[in-house]
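In what follows, a structure is listed as structure tokens, so that the remarks can point back to it.
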Amino acid sequence: MKKKHIKSATPFDGVAWVTGASSGLGREVALCLVRRGWRVVVTARNLEKLEELKQKADKAYGKLIIKQGDVSNAETMRSIVEDIEKNHGGLGLVILNAGIYQPMGGDDLQLNVFQKTFDVNFNGVLHGLLPAIEVMRPRGRGQIAIVSSVAGYRGLPNATAYGATKAAL
């Protein structure tokens, strides 16, 4: 059986989309991509932080495009994918990174913390993943990365809900 070579996505493959880009890993990944020449659509709930990111990226080789949105809203994520396809050249790379951490130990379990954490960390990935696959599949190309955590392999103190969502990913 012949091995199929999978090449890495390049800026010529389309637009990169990074969720959770207002801070942390998502912000740094978005900056790295735009500096390498990608057109990068960034998504987060905090529009002010996305605007700050855009200012920081303005002198970069690529281009940063802001789309405010909450990954826990499936329609918003579908709408963002549709906008990328219609107005920005189509998806070539997707990095589903958005996540939240709400401290909670095993001795103080709260259903609302589990629900909110799963809505963002797990369902939020599905809300971006499914529409991204729908538009990439017909083209037969594109790459998707899902950001998890070591907490998914081995629990961390006070990360009961967080660890469960990262293990699910």
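In this chain, residues are counted from 1 in sequence order. All values derive from a computational prediction rather than experimental measurement.
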In short, side chain to side chain donor-acceptor pair (under 3.5 Å) pairs touching residues 27-36 with sequence neighbours left out are none
For Ser149, the side chain to side chain donor-acceptor pair (under 3.5 Å) test, sequence neighbours excluded, returns none
Besides Leu111, the hydrophobic cluster formed by Ile, Leu, Val, Met, Phe, Trp and Tyr side chains linked at under 4.5 Å, directly or via other members, contains none
By side chain to side chain donor-acceptor pair (under 3.5 Å), Thr76 pairs with (sequence neighbours left out) Asn73
Side chain to side chain contact (heavy atoms under 4.5 Å, CB included) filter on Asp13, not counting sequence neighbours, yields Lys7, Ala9, Thr10, Arg141
Closest non-hydrogen contact found for Ala21 with Ala44 is N-CB, 4.1 Å
Donor-acceptor contacts under 3.5 Å from residues 98-108 side chains, at least two apart:
{"unit_1": "Tyr101", "atom_1": "OH", "unit_2": "Asn158", "atom_2": "O", "d": "2.9"}
{"unit_1": "Asp108", "atom_1": "OD2", "unit_2": "Gln110", "atom_2": "NE2", "d": "3.0"}

Nearest heavy-atom approach of Gly20 to Asn97 is O-ND2, 3.2 Å
Contacts of Phe118 meeting side chain to side chain contact (heavy atoms under 4.5 Å, CB included) (sequence neighbours excluded), chain-then-number -> Phe114, Phe122, Ala164, Thr165, Ala168
For Leu53, the hydrophobic cluster (side chain heavy atoms closer than 4.5 Å, chained through members) also holds Val18, Leu25, Val29, Leu31, Leu33, Val34, Trp38, Val40, Val42, Leu47, Leu50, Leu64, Ile66, Leu93, Ile95, Val147
Q | Side chains of Met77 and Leu130 in contact at under 4.5 Å (non-hydrogen atoms) | A | no
I want to check something: taking the side chain as every heavy atom from C-beta on, are Lys67 and Ile84 in contact at a cut-off of under 4.5 Å? no
Sorted by chain and number, sequence neighbours left out, side chain to side chain contact (heavy atoms under 4.5 Å, CB included) with Glu48 holds for Asn46, Glu52
Across all chains, not counting sequence neighbours, the salt bridge (Lys or Arg N to Asp or Glu O under 4.0 Å) partners of Lys116 are none
Sorted by chain and number, sequence neighbours left out, salt bridge (Lys or Arg N to Asp or Glu O under 4.0 Å) with Glu134 holds for Arg78
By side chain to side chain contact (heavy atoms under 4.5 Å, CB included), Asn87 pairs with (sequence neighbours left out) Asp83
